[in-house]
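Quick caveat: nothing in here was measured; it's all calculated off a predicted structure. Position 1 is the first residue of the sequence, and the numbers go up from there. Both counts, for ligands and for their atoms, begin at 1 and track the order of listing.
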Amino acid sequence: MPLLVMKFGGTSVADLDRIKNAAAKVKREVDRGYNVIVIVSAMSGKTNELVNWVEQTSPLFDAREYDAIVSSGENVTAGLMALTLQEMSVPARSWQGWQVPINTTSAHSSARFVSIPRENLDTKFDEGMRVAVVAGFQGVSPEGRITTLGRGGSDTTAVAFAAAFEAERCDIYTDVDGVYTTDPRISQKARKLDKIAFEEMLELASLGAKVLQTRSVELAMRYNVRLRVLSSFEDTDETSGTLVCGEDELMESKVVSGVAYSRDEAKMTLVTVEDRPGIASAIFGPLADAGVNVDMIVQNISERDYEGHAGAVTDMTFSCPINQVARAQKAMEDAKAAGKIGYDDLVIDTDVAKVSVVGIGMRSHAGVAAMMFKALSAENVNIKVISTSEIKISVLIDRKYMELAVQALHDAFELEKAV
Ligand code: ASP
Ligand code: MG
């Protein structure tokens, strides 16, 4: 029988009525002839509550117990979903991660998949089970302990099952009706996309378009899992939502598909560091060790004969999430105190945001950067740092201009005409 994976996020299973509504969507697919693997999140707010309980009980908690506790929200929804389906006369049962088993590494709270053997579920499907309701977000380590995959991990569970069971499609039901050209709260002209390429979605997901966990998109791209994002609050059919798929399925790639932003950025500049082999390593090594996620990096050209310096000097600028600034600052000050790096000043700017345009069409179109900079300059937005990749151009700007910049870029690339 053909197989579908259907994933329901926290808001889609927030109470018993919502679970019934989701179950009805599953039943419809069963009636159409599909076997279904349903992946469920915890009811919305539940995981946060559990995390809170852990932190209140033990500030330096044992990560294995953290996973045992925070994974439990999914167990409840899986059982309730199975019961609801049974009430609708659909042969269904629930599966916790260890029962499948979903084998993961033992990196608690950020475990990775090792394998998902098909045997147990396949046997039950052969015996007439039509729906396997699997608790998302969790797995089991080689030591036999419960693991979790990191916040938002149920998306990744869904894609992993779609890959392992060669599902026809992986439908991600959520509280929005698809992927938009930008955040509709920022630009009223934002349009829902019918299709988007894996690579574009990956950039948008990691840039803060929080529809899908980034890892789930990476996995979908690797295994070519067709991923559909759609609303569980609306009547949906085969054509609803946004399909995240390979480039070959896109009719024609747009130059720019979306404008993304990330509000909580900070910029740090090491002023007059010595320019010598190994200096980047001496700066970014300690930052990595301190767990700072450095994003953009700019090294200025070298200046010679700089006042008070024997050799060549340069300025090094990088950006990181704002909540990592204190850690980054300490790492730099410690490295300086230890004599590993030298700099005259550390300038920190916590009032910046990142705005990016993304599109696979950029690979074959010139002039996208020029057009972006022109649109920003027309609004008098000053660009502080620029970085580019094959399918993305990002700028760091003053946070107070973020909305304006997103709107201007959305207009400049005529995304209101996107489909
Ligand atoms: N319930 C987990 C979380 O809130 C996993 C998920 O919903 O994807 O992060
Ligand atoms: Mg989610």
Side-chain angles (χ1 to χ4, degrees), residues 5-15 18-19 22 25 37-55 61 63-81 94-98 100 102 104 107-113 116 133-140 146-163 170-180 183 196 201-202 204-220 225 227-233 241-242 244 260:
V5 170
M6 301 171 75
K7 184 256 173 180
F8 294 94
T11 49
S12 306
V13 292
D15 56 38
R18 295 253 176 99
I19 294 179
K25 290 188 181 291
I37 297 177
V38 175
I39 309 291
V40 286
S41 288
M43 292 167 147
S44 64
K46 191 70 209 173
T47 310
N48 287 341
E49 180 182 56
L50 294 167
V51 169
N52 244 311
W53 287 349
V54 171
E55 287 170 351
F61 50 78
R64 293 163 298 193
E65 299 305 344
Y66 169 97
D67 278 355
I69 295 157
V70 303
S71 63
S72 66
E74 273 71 10
N75 297 344
V76 176
T77 358
L80 287 172
M81 176 65 82
S94 69
W95 300 79
Q96 296 184 9
W98 63 274
V100 174
I102 301 171
T104 71
H108 285 277
S109 82
S110 56
R112 302 190 81 85
F113 293 110
I116 303 178
V133 186
V134 178
F137 178 51
Q138 55 175 257
V140 61
I146 304 301
T147 55
T148 63
L149 305 168
R151 298 305 304 270
S154 296
D155 293 336
T156 307
T157 306
V159 174
F161 273 81
C170 179
D171 286 346
I172 307 274
Y173 285 88
T174 177
D175 49 9
V176 294
D177 62 355
V179 178
Y180 278 73
D183 187 339
I196 187 167
M201 192 61 226
L202 206 52
L204 295 172
S206 66
L207 289 169
K210 295 191 186 73
V211 214
L212 292 170
Q213 198 196 33
T214 309
R215 265 172 75 191
S216 71
V217 185
E218 280 167 9
L219 205 62
V225 172
L227 204 60
R228 197 158 63 119
V229 177
L230 68 174
S231 166
S232 68
F233 302 131
T242 299
V244 189

Would you mind checking which non-hydrogen protein atom is closest to [atom], with the distance to 0.1 Å?
atom                   : result
atom 7 (O) of ligand 1 : Ser41 OG, 2.9 Å
atom 6 (C) of ligand 1 : Ser154 OG, 3.4 Å
atom 4 (O) of ligand 1 : Arg151 NH2, 2.9 Å
atom 1 (N) of ligand 1 : Glu74 OE2, 2.6 Å

Between the CZ atom in Phe233 and the OG1 atom in Thr174, the distance rounded to the nearest 0.5 Å is 7.5 Å

With a 4.5 Å cut-off on side-chain heavy atoms, are Phe61 and Ile69 touching?
no

| query | Is Asp155 close to ligand 1, meaning an N/O of one under 3.5 Å from an N/O of the other? | reply | no

Across all chains, not counting sequence neighbours, the side-chain hydrogen bond (donor to acceptor under 3.5 Å, both in side chains) partners of Thr148 are Asp67

Only residue of Thr104, Val140, Ile102 satisfying side-chain contact (heavy atoms from CB on, under 4.5 Å) with Thr147 is Thr104

Heavy atoms of Met43 and Val13 approach each other most closely as CG-O, 3.0 Å

Any non-hydrogen atom of Gly10 lying under 4.0 Å from ligand 1? no

Return yes when Gly152 approaches ligand 1 closer than 4.0 angstrom through a heavy atom, no otherwise. yes

Applying salt bridge (charged side-chain N to carboxylate O under 4.0 Å, His left out) to Arg228 and not counting sequence neighbours gives Asp171

